[in-house]
Amino acid sequence: MQNISIVVSGSAAVGKTTLAHALSEEFGFKLYNGGDILKEIARQQGYMVSGDDWWDSNEAIGFMKERKKNPTFDRQVDQKLIKIAKKGNVVITSHTLPWLTSAPITFWLSASQRRRSERMAKRDKISLKEALEIVKMRDRENKKIYKKIYGPEFGESLEVFDFMINTELLTLNSLVLLCKEIMKKMKIQ
C-alpha cells in the first residue's frame, strides 16, 4: 500500500488520534496531527504550549479567542495539510481536510457528546461534568470557526467520507482492528 494518504476526522475525544497512530504504525506512514500544527502556530504567536491536554488549558482558551478573530491560522494549517496529503504515505488527523481535498482515504468517527466526555474524563483525569463542558464548548467553537472561514454549509455533508464509523459501542482497540482490516481489504491502484 503505497502513495496513499489517510485522513481521520471527527469531533473531540472520538478516537481520532488513537486510530491515526495505529494506522501510521501498521502501514509505516508518517503521522501528522492538524491540532499539533495549530499548536505550533500558537507557539509562534507567543502562547506557552505544553502537553497533550493543552487544548483544555486557559492558555489555549486565549489562543482560541485570537483564532476566532484571525482565520489565517486555520487556513495555514489546512494549506500545509493539503500539501502533505498530496505526497502520500501519511496519516493525518484533521477536522477540515476531507472537505478541502479529495486525494486521501477518509474516515469519519462519531459518538455522542456523553460518550466522548466519558473518554475525555478518563483520558485527562478530569470530572465527567468538566469533560462534558469541554466537549460541548469545542464542538460549538470549532463549528463557528470553520463556518466563518469556509461558509455556512461547510461540514454539513458527510458524503466526502469513504468510511463513517460510530465509535459509541466500540472499544478503541476494536476500532483500530476494524479500520486496519478495512485498509488491508481495499484495492488501491
Side-chain angles (χ1 to χ4, degrees), residues 7-21 24 30-85 90-101 104 106-156 158 160 167 172:
V7 176
V8 182
S9 192
S11 299
V14 77
K16 294 183 305 291
T17 302
T18 300
L19 177 58
H21 275 285
S24 169
K30 187 158 169 93
L31 177 64
Y32 293 90
N33 183 315
D36 289 344
I37 294 171
L38 192 57
K39 280 199 291 191
E40 184 53 37
I41 291 171
R43 185 186 328 276
Q44 291 167 2
Q45 295 299 312
Y47 290 88
M48 301 299 292
V49 178
S50 64
D52 290 334
D53 59 351
W54 180 78
W55 289 110
D56 304 326
S57 70
N58 288 332
E59 191 80 2
I61 291 168
F63 175 67
M64 289 294 285
K65 288 178 183 175
E66 187 175 348
R67 180 181 170 210
K68 283 195 289 190
K69 294 176 191 171
N70 189 348
T72 60
F73 298 150
D74 285 271
R75 288 183 196 267
Q76 287 174 357
V77 171
D78 291 335
Q79 290 307 310
K80 185 170 186 169
L81 290 177
I82 288 169
K83 287 178 185 174
I84 290 168
V90 295
V91 178
I92 301 168
T93 62
S94 169
H95 187 78
T96 56
L97 196 56
W99 286 277
L100 302 175
T101 182
T106 54
F107 287 88
W108 174 259
L109 306 182
S110 66
S112 67
Q113 285 184 333
R114 176 74 180 187
R115 182 68 178 121
R116 293 185 291 129
S117 300
E118 290 168 355
R119 290 176 181 159
M120 181 182 284
K122 183 177 178 181
R123 178 191 73 198
D124 297 346
K125 297 174 181 51
I126 58 176
S127 73
L128 181 57
K129 181 181 178 194
E130 186 179 0
L132 184 57
E133 289 172 10
I134 291 168
V135 164
K136 286 180 178 180
M137 183 271 303
R138 278 196 189 170
D139 287 352
R140 182 179 61 249
E141 294 302 316
N142 282 334
K143 193 172 187 176
K144 279 187 210 175
I145 288 168
Y146 299 136
K147 287 188 182 282
K148 181 179 179 181
I149 296 170
Y150 295 112
E153 301 299 315
F154 185 82
E156 294 296 322
L158 297 179
V160 298
T167 67
L172 290 178

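Since the model is a prediction, treat every value here as computed from it, not as a measurement.
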Side-chain ion pair, Lys144 and Glu141, N-O less than 4.0 Å: yes
Measuring from atom CG of Leu100 to atom OG of Ser94, what distance do you get when rounded to the nearest 0.5 angstrom? 7.0 Å
Which pair of heavy atoms, one from Ser117 and one from Ala131, lies closest together, and at what distance? O-CB, 3.3 Å
Given 3.5 Å as the limit, does a donor-acceptor pair link the side chain of Glu59 with the main chain of Tyr47, or not? no
Step by step, work out the salt bridge (Lys or Arg N to Asp or Glu O under 4.0 Å) result for Lys125 and Glu130. CA-CA 10 Å; Lys125 297 174 181 51; Glu130 186 179 0; over 6 Å; no
So NZ of Lys16 and OG of Ser11: to nearest 0.5 Å the spacing works out to 6.5 Å
Could you give the distance from CE (Met137) to CG (Asn142), rounded to the nearest 0.5 Å? 8.5 Å
Run the side chain to side chain contact (heavy atoms under 4.5 Å, CB included) test on Lys39 and Phe63 for me, step by step, so that the C-alpha distance in whole Å, both residues' side-chain angles and the decisive distance to 0.1 Å come before the verdict. CA-CA 9 Å; Lys39 280 199 291 191; Phe63 175 67; over 6 Å; no
Enter the distance from Met120:CE to Ser127:OG here, rounded to the nearest 0.5 Å. 11.5 Å
Rounded to the nearest 0.5 Å, what separates atom CZ in Arg67 from atom OG1 in Thr72? 11.5 Å
Are the side chain of Arg75 and the backbone of Ile149 linked by a donor-acceptor contact shorter than 3.5 Å? yes
Restricting to side-chain contact (heavy atoms from CB on, under 4.5 Å), what partner residues turn up for Lys80, sequence neighbours left out? Ile37, Ile84
Measure the shortest side-chain to side-chain distance between Gln113 and Asp139 over non-hydrogen atoms and say whether it is less than 4.5 angstrom. yes
Exactly one candidate in Val91, Val14, Leu109 meets side chain to side chain contact (heavy atoms under 4.5 Å, CB included) with Leu19; the answer is Leu109
Under a 4.5 Å cut-off applied to non-hydrogen side-chain atoms, are Met64 and Arg138 in contact? no
Over all atoms of both residues, closest heavy-atom pair of Thr93 and Ala20: CG2-CB, 3.4 Å
Out of curiosity, Trp99 CH2 to Glu153 CD, how far, rounded to the nearest 0.5 Å? 12.5 Å
Strictly distance-based, threshold 3.5 Å: is any side-chain N or O of Asp124 a donor or acceptor partner for the main-chain N or O of Ile126? no
Trp108 side chain reached by Ser110 side chain, heavy atoms, under 4.5 Å: yes
Identify whether the distance between the nearest side-chain nitrogen and carboxylate oxygen of Lys122 and Glu118 falls below 4.0 Å. no
Going by the ring pair (Phe, Tyr, Trp, His ring centres under 6.0 Å) test, which pairs reach into residues 118-150, not counting sequence neighbours? His95-Tyr146, Tyr150-Phe154
Leu97 and its side chain to side chain contact (heavy atoms under 4.5 Å, CB included) partner, picked from Val8, Val160, Ile82, Thr106: Ile82
Flag for Thr167-Arg116: side-chain donor and acceptor within less than 3.5 Å: no
Write down the atom of Ala85, the atom of Val90, and the distance for their closest heavy-atom approach. CA-CG2, 4.2 Å
Note: Lys136-Glu133 ion pair, threshold 4.0 Å (strictly below): no
Side chain to side chain contact (heavy atoms under 4.5 Å, CB included) assessment of Glu40 paired with Asp36: CA-CA 6 Å; Glu40 184 53 37; Asp36 289 344; over 6 Å; no
Lys68 (side chain) donor-acceptor with Ile145 (main chain) under 3.5 angstrom: no
